[in-house]
Asker: 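My questions all concern the structure below.
Numbers here are sequence positions counted from 1.
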Amino acid sequence: MKKQIFSAILLFVFAIAAQAQNITVHGTVLSKTDDEPLIGASIISDVKGSMGAATDFDGNFTMTVPEGSYITVS
């Protein structure tokens, strides 16, 4: 019984630690030629299964990605 409780607590701690490694990235995507905001640009992470984002009317985006990952704008 004690071994099961210990295993459950250990699993809970690992779940919290894994969740804490995500960071929120936010920014603005601007056109290289005229510095105007790009509407609807796609932002994706290099981590498989991560959610992507698209820029809004002002070129802004916000997304949560694992720490240390790369993002690509297209």
Asker: Treating N22 as the side-chain partner and T64 as the backbone partner, does any N or O pair qualify as donor plus acceptor under 3.5 Å?
Answerer: no
Asker: So do the side chains of T62 and T24 get within less than 4.5 Å of each other, counting heavy atoms only?
Answerer: yes
Asker: According to a 4.5 Å side-chain heavy-atom criterion applied to Ile, Leu, Val, Met, Phe, Trp and Tyr, with indirect links allowed, do I23 and I71 form part of one hydrophobic cluster?
Answerer: yes
Asker: Is V47 reachable from M63 through a run of hydrophobic residues whose side-chain heavy atoms are each under 4.5 Å from the next?
Answerer: no
Asker: Name the atoms and distances for all side-chain donor-acceptor pairs under 3.5 Å in residues 33-42, with sequence neighbours left out.
Answerer:
{"residue": "T33", "atom": "OG1", "partner": "S31", "partner atom": "OG", "Å": "3.1"}
{"residue": "D34", "atom": "OD1", "partner": "S31", "partner atom": "OG", "Å": "3.0"}
{"residue": "D34", "atom": "OD1", "partner": "E36", "partner atom": "N", "Å": "3.2"}

Asker: How would you list all residue pairs meeting side chain to side chain donor-acceptor pair (under 3.5 Å) that involve residues 51-60, not counting sequence neighbours?
Answerer: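 Listed once each, the pairs are T28-N60.
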Asker: At what distance, to the nearest 0.5 angstrom, does CD1 of I44 lie from OG of S69?
Answerer: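 Nearest 0.5 Å value for the CD1-OG distance: 11.5 Å.
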Asker: Is there a side-chain contact between V25 and F61 (heavy atoms, below 4.5 Å)?
Answerer: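 V25 vs F61: side chains touch.
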Asker: How far does CE of M51 sit from CD1 of I43, to the nearest 0.5 angstrom?
Answerer: 13.0 Å
